[in-house]
Amino acid sequence: MTRREGSGDRGLATVWVAVTTATLCAVFALVLALGQVVAARHRAGGAADLAALAAADRALRGAEAACGAAAEVALAQRAEIVRCVVRAEIADVTARARFGPYTPEVRSRAGPPQPPAVTGTASGAVPGTRSGHLRAVNLGMSDYRVLGPGDPGFGET
């Protein structure tokens with residue numbers, strides 16, 4: 001019987017392919033699980049943000065109406081409200097979204113925008129302007145625009 005050189009490596013490529021395949025499958029499963037975690041977190045965050053905005057919009061109608069609106073919006077986002085607290089015009093909402101085996105909870109607050117800090121004179125006029133010639137108008141949730149005498153809607157209250 002003659003022995004050939006390298007015969008001790010016979011079948012080693014098969015083992016390497018099997019180990020590499022198993023490792024790649026494990027990495028792929030980990031990436032998929034991480035993707036599910038991120039998707040669940042984003043779904044819960046979006047639901048909490050929208051529910052808080054809805055609750056803040058209805059805050060002046062009472063906490064029950066505000067939290068009811070928040071629950072409706074969260075349900076439309078395939079989430080559920082865990083906690084809803086309304087104080088004055090500020091809504092504090094925690095939402096939970098189920099996605100696969102993950103159920104993250106995200107907290108969100110919403111309320112009226114804070115007026116922009118403007119340094120002016122004691123009368124409240126902006127320096128360099130004549131009193132009564134500029135007016136801030138609330139255009140939505142947090143957008144303000146300064147109108148002058150030539151702009152449509154300037155004289156309306």
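These values consider heavy atoms only, across backbone and side chains, with no hydrogens, waters or symmetry-generated copies.
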Check: Does a sphere of radius 6.0 Å around CD in E64 hold more than 12 heavy atoms from other residues, nucleotides or ligands, not counting ones at 6.0 Å or beyond?
Finding: no
Next item on the list: Give a yes or no on whether R83 atom CZ has more than 12 heavy-atom contacts from other residues, nucleotides or ligands under 6.0 Å away.
Entry: yes
Notebook entry, point to check: Do Q36 and P101 have side-chain heavy atoms sitting under 4.5 Å apart?
Noted result: yes
How many angstroms lie between [atom1] in [X] and [atom2] in [Y], if you round to the nearest 0.5 Å?
{"X": "D57", "Y": "E89", "atom1": "CG", "atom2": "CD", "value": "11.0 Å"}
{"X": "T94", "Y": "E80", "atom1": "OG1", "atom2": "CD", "value": "11.5 Å"}
{"X": "C67", "Y": "I81", "atom1": "SG", "atom2": "CD1", "value": "8.0 Å"}
{"X": "Q77", "Y": "L50", "atom1": "CD", "atom2": "CG", "value": "5.0 Å"}
{"X": "Y102", "Y": "R41", "atom1": "OH", "atom2": "CZ", "value": "15.5 Å"}

Smallest separation among heavy atoms of [X] and [Y], with atom names:
{"X": "A40", "Y": "A97", "value": "O-CB, 4.3 Å"}
{"X": "A52", "Y": "A91", "value": "O-CB, 3.7 Å"}
{"X": "A59", "Y": "A88", "value": "CB-O, 3.6 Å"}
{"X": "V73", "Y": "A51", "value": "CG1-N, 3.8 Å"}
{"X": "A47", "Y": "A79", "value": "CB-CB, 3.5 Å"}

Margin query: Checking R43 against R78 for the side chain to side chain contact (heavy atoms under 4.5 Å, CB included) test, could you report, in this order, the C-alpha distance in whole Å, the side-chain angles of both residues, the deciding distance, and whether it holds?
Written below: CA-CA 8 Å; R43 181 180 289 172; R78 293 182 285 169; 3.3 Å; yes
